[in-house]
Amino acid sequence: MAEVRTRIAPAPSGSIHVGNARTALYNWLFARHHGGVFVLRVEDTDAKRATEEAYAAVVEDLRWLGLTWDEGPEVGGPFGPYRQSERSGRYRAAVMQLLDSGHAYRCYCTPEELAERRQRALGEGRTPGYDGHCRHLSDADIARYEAEGRRWAVRFAVPPGRTIAFEDVVRGEIATPTERIPDFVIARADGSPTYVLAAGLDDALMNITHVIRGEDLIPATPRQLLLREALGITDRPVFAHLPLLVDGSGRPLSKRWGDVAVRAYRERGFVPEAMVNYLALLGWSYDDRTNIFSVQELIERFSLERVGRNPATFDVAKLEWLNQHYIKQMPPSRLAEQIRPFCIAAGLDAAGDEGRALLERVAPLLSERLKRLSDAPAMVAFLFRRMAPDERAAEALQGQGEYLGAAADALEGLERWDRADIEAALRALAERRGLKPRRAFQPIRAAITGTLVSPPLFESLEILGRDETLARLRAAAGQPVAAAGGKA
RNA sequence: GGCCCGGUAGUCUAGUUGGCCUAGGACGCCGCCCUCUCAAGGCGGAGAUCACGGGUUCGAAUCCCGUCCGGGCUACCA
């Protein structure tokens, strides 16, 4: 096989949809697996939506996912430009060629006329596609339309009596009689190309060998094949149409259901490794048991043959499980860096060196407790500020004043302030009082963190520091606090 | 309406040259163990008449026919 070339061709309408992210991932994995080229082509022909910010968001998302492109905007390549807005000359030339060769014709029908005929066809139970009205206009008709000042679009003249077939890697053969393909628009009245023309032509011009895209584009495929043929392009790419991603009720993922933008997942504390792993599993499987794949493993194992055919439901719970897995694997120092922005956003003073150091120290306690990076602030807030006890903590503190004072006393004289000695002192105290560990430590946790759920207690106290620990215990005990040196 | 694609537990899926499937794995859920809380980890459990109905066959999730359900396309959107 010649060099494999795949592409992702997003419309820059902001942060990319997770469905497009999956399509991008499969294209990328396929290219990497075969040592081929992954192309990024921006379909920004719809000027209304294609803002620079939206474009930047697309680029940012792809980079975040790690889907580096070998050719495309910002990196260039031999088949550029890679933004369709800069390729209009090529589309125009193709349209002219098709017009000249009789493969396409001018259509003078107005949108109103089309809508009306369409309605009528629907009302009479007929197939609503274009009726070929302008396909064989007489010179007189044309002269009249021109005299009326009508604008024209260009339609492809679909040849009758043929069947266009192609072999879809995931679905097998798909054949379409040309009778079912109405003459479709390839250039709008303003001269701009439609998707079928632009995407199909660019795929050919850029030597894309494997077109991997959503199954919503299956009907576009025979049209693009027809276009290639009419343009004299003899080779054709391999097609693979991926099943759609749907929500819990089987509908395509939409804003109504929840987060559909990749950026939303990043902002909600998911890490790219988890996202990539999860997306890979959504429609593809390697065997009957493996769920965890590093990017390298995905590249080695990915194949279109093992892509499924049925639509997949996006399940945040499984994504979270993977996210937790990758967070657990992360070196603590990296985890500390990753959670820092979330802590800062939550209002914790984690921006400076002191805050950074604090996060470095708690990170090991967090790695097995975070489903999302965004869970971190709530768990570490007590290290940055004193917390008013919540309802359950307040309850646990009832009548514990004397005990908490004793705990403070037990800790005050420690020679070394480390986890092991803190634990030994508090366990000894519990022992003396005949308290079960749970009953002994929860009041202390409540006094220190303001809650009954926190990172492990002894480590937490070690990190908090002696002064602040004693101050909080004494405050909770109702005792005067002797010159607490900690932050409050 | 027409054409196309799909239908294994709540979810993702394995299995599709028919027998190794009394349908395997994972997430989630439930229980137990561990335990200073929460997690993590270990162990165990519930959960699928393989959409439904026929047929072929000694034998079907796997083959054939029909039905139902879901989705896509049917745009001068992509």
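Chain identifiers are assigned alphabetically (A, B, ...) following the order of the sequence lines, protein sequences preceding nucleic acid strands; residue numbering begins at 1 within each chain.
Using atom P as the reference point in both U17(B) and G7(B), the two lie 15 Å apart (nearest Å). Comparing C43(B) with C27(B), their P atoms are spaced 12 Å from each other, to the whole Å. Between A46(B) and C36(B), the two C1' atoms lie 32 Å apart (nearest whole Å).
Nucleic acid contact class of R439(A) (heavy atoms, under 4.0 Å, all strands): none. Q324(A) comes within contact range of the sugar-phosphate backbone alone, with a heavy-atom separation under 4.0 Å but no base atom that close. Residue contacts shown for R289(A) are limited to sugar-phosphate atoms, with no base heavy atom under 4.0 Å away. Using a 4.0 Å heavy-atom criterion, one finds that T194(A) contacts the sugar-phosphate atoms exclusively. When heavy atoms are screened at a 4.0 angstrom cut-off, K371(A) is found touching no nucleic acid atom at all. Within the 4.0 angstrom heavy-atom criterion, only backbone atoms of the sugar-phosphate kind lie near R438(A); the bases stay farther away. Across all strands, L452(A) comes closer than 4.0 Å to base atoms (heavy-atom distances). Residue I292(A) is out of contact with every strand shown, counting any heavy-atom pair closer than 4.0 Å. Within 4.0 Å of A317(A), counting heavy atoms only, lie sugar-phosphate atoms of the nucleic acid but no base atom. Residue-level contact check: L114(A) touches the bases, meaning some heavy atom is under 4.0 Å from a base atom. Residue P252(A) is classed as a sugar-phosphate contact, given heavy-atom separations below 4.0 Å to backbone atoms only. Using a 4.0 Å heavy-atom cutoff across all strands shown, R151(A) reaches no nucleic acid atom at all. At a threshold of 4.0 angstrom between heavy atoms, the contacts of E459(A) include nucleobase atoms, whether or not backbone atoms are also involved.
Shown here, G66(B) forms a base pair with C52(B); the pair counts as Watson-Crick or G-U wobble because both key distances fall under 3.5 Å. Applying the Watson-Crick and G-U wobble criteria (two distances, each under 3.5 Å), A75(B) pairs with nothing in any strand. Base pairing analysis places A9(B) opposite nothing; no Watson-Crick or G-U wobble pair with both distances below 3.5 Å involves it. Under the Watson-Crick and G-U wobble criteria, each requiring two contacts below 3.5 Å, nucleotide G44(B) is paired to C30(B).
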Output a table of nitrogen or oxygen pairs between the protein and nucleotides 43-49 of chain B separated by less than 3.5 Å.
none

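With sequence neighbours left out, R439(A) forms a salt bridge (charged side-chain N to carboxylate O under 4.0 Å, His left out) with no residue at all.
As rounded to whole Å, 13 Å separates atom C1' of C3(B) from atom CD of E179(A). In this structure, N323(A) places its CG atom 20 Å from P of A26(B), rounding to the nearest Å. Note: CG (L319(A)) to P (A26(B)) measures 19 Å, nearest angstrom. One can place CZ of R427(A) at 6 Å from C1' of C36(B), the figure rounded to the nearest angstrom. Regarding L122(A), its CG atom lies at a distance of 13 Å from the C1' atom of A75(B), rounded to whole Å.
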Heavy atoms under 4.0 Å is the rule here; annotate nucleotides 11-22 of chain B 5' to 3' with B where the base is hit, S where only the sugar-phosphate is, and - elsewhere. SBSSSB------
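Looking at R445(A) and Q442(A), their side chains do bring a donor and an acceptor atom within 3.5 Å of each other.
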Using distance only, find each side-chain donor-acceptor pair of residues 239-246 of chain A under 3.5 Å and give its atom names and separation, not counting sequence neighbours.
unit_1, atom_1, unit_2, atom_2, d
H241(A), ND1, D168(A), OD2, 2.6
H241(A), NE2, R213(A), NH1, 3.4
H241(A), NE2, T221(A), OG1, 3.2

Would you give me the side-chain donor-acceptor pairs under 3.5 Å for residues 307-318 of chain A, sequence neighbours excluded?
unit_1, atom_1, unit_2, atom_2, d
D315(A), OD1, A317(A), N, 3.2
K318(A), NZ, N291(A), OD1, 3.3

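Taking for each of P128(A) and S192(A) the nucleotide of RNA chain B with the nearest heavy atom, the 5'-most of the two is the partner of P128(A).
In the region residues 154-176 of chain A, proximity to RNA chain B at under 4.0 angstrom, judged on heavy atoms, holds for R155(A), R171(A).
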